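Report on the following structure.
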Amino acid sequence: MRVGVVDDHEMFRAGVIATLSPHFTIVGQAPDVEGSVAMIADTQPDVVLLDVHVPGGEGGGGAEILTKAQPLCPNTAFLALSVSDSPKDVGAVIRAGARGYVTKTISGEDLISSIIQVSEGYAVFSPKLAGFVLSTFQGTGPAEHDDELDKLSTREQEVMRLIARGYTYREVAGELFISVKTVETHVSAVLRKLQLSNRGELTRWAADRRIV
């Protein structure tokens, strides 16, 4: 089976490729929207592992890649692989055409199994995302636009969600492949932009919006 990998974190991408290489043929990799669309069109993978938040293009990330690449590769299946498990992100890529969505906490064995299932036409989702996916198809998901959330950059939103779920700064750093100092900087920016005082208030803020 031929697989393409899209992720803007070089170290994570290399780790995924190392995990998958004994089982699949890795035909291409890319870190951004433009490079991903070109790679997918050129290599025609059976399955593309697709990060949700990648730079470039018009700022649409994984959903934009799906929209632009699918007409160029009608036989390719897309499996989202992301640190984010927010309803907004899940809904965006599922609506755009992804066949599955798993988080980066998945084991290597389960990721291999998910790729095989997606290639065979099955929909694959991390268990705790099932409710989000159902809401997406029922049209009962959370509002797409949130003025306060829009104040945060993509990276700040990733950090915010992990902190709100109870991750330590070190655990966030490990999940996102950034330094603890960078995590601290992002958390300070998030609290300032949202006019919150501490992690407890941030957790309540995120829970109220069903984005944790």
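In what follows, every heavy atom counts, from backbone to side chain, and hydrogens, waters and symmetry copies are set aside. Along the sequence shown, the residues carry numbers beginning at 1. Here the structure is a predicted model, which is why all the values come from computation and not from measurement.
When atom types are taken as modelled, the side chain of Glu156 and the backbone of Leu152 share no donor-acceptor pair closer than 3.5 angstrom. Of the possible polar contacts, one joining the Asn198 side chain to the Glu201 backbone as a donor-acceptor pair under 3.5 Å is found. When atom types are taken as modelled, the side chain of Thr103 and the backbone of Val83 share no donor-acceptor pair closer than 3.5 angstrom.
Both Ile17 and Ile116 belong to a single network of hydrophobic side chains, linked directly or stepwise wherever heavy atoms of I, L, V, M, F, W or Y lie under 4.5 Å apart. Both Leu194 and Tyr169 are members of a single hydrophobic cluster when ILVMFWY side chains are connected at heavy-atom separations under 4.5 Å.
For Thr185 and Ser188, the side-chain atoms include no donor-acceptor pair closer than 3.5 Å. Side-chain contact of Ser107 with Asp110: a donor-acceptor pair under 3.5 Å is present, judged by distance alone. Under 3.5 Å, the side chains of Gln117 and Ser113 contain a donor-acceptor pair of N or O atoms. For the 3.5 Å distance criterion, the side chains of Ser82 and Ser84 fail to qualify, holding no donor opposite an acceptor.
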N/O donor-acceptor pairs under 3.5 Å from side chains in residues 1-12, not counting sequence neighbours:
unit_1 : atom_1 : unit_2 : atom_2 : d
Arg2   : NH1    : Thr43  : O      : 2.7
Arg2   : NH1    : Gln44  : O      : 2.7
Arg2   : NH2    : Thr43  : O      : 2.8
Asp7   : OD1    : His9   : N      : 2.8
Asp7   : OD1    : His9   : ND1    : 3.4
Asp7   : OD2    : Lys104 : NZ     : 2.8
His9   : NE2    : Arg155 : NH2    : 2.5

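A salt bridge does not link Glu148 with Lys193: none of the charged nitrogens is closer than 4.0 Å to a carboxylate oxygen.
The shortest distance between side-chain heavy atoms of Leu49 and Leu111 falls below 4.5 Å.
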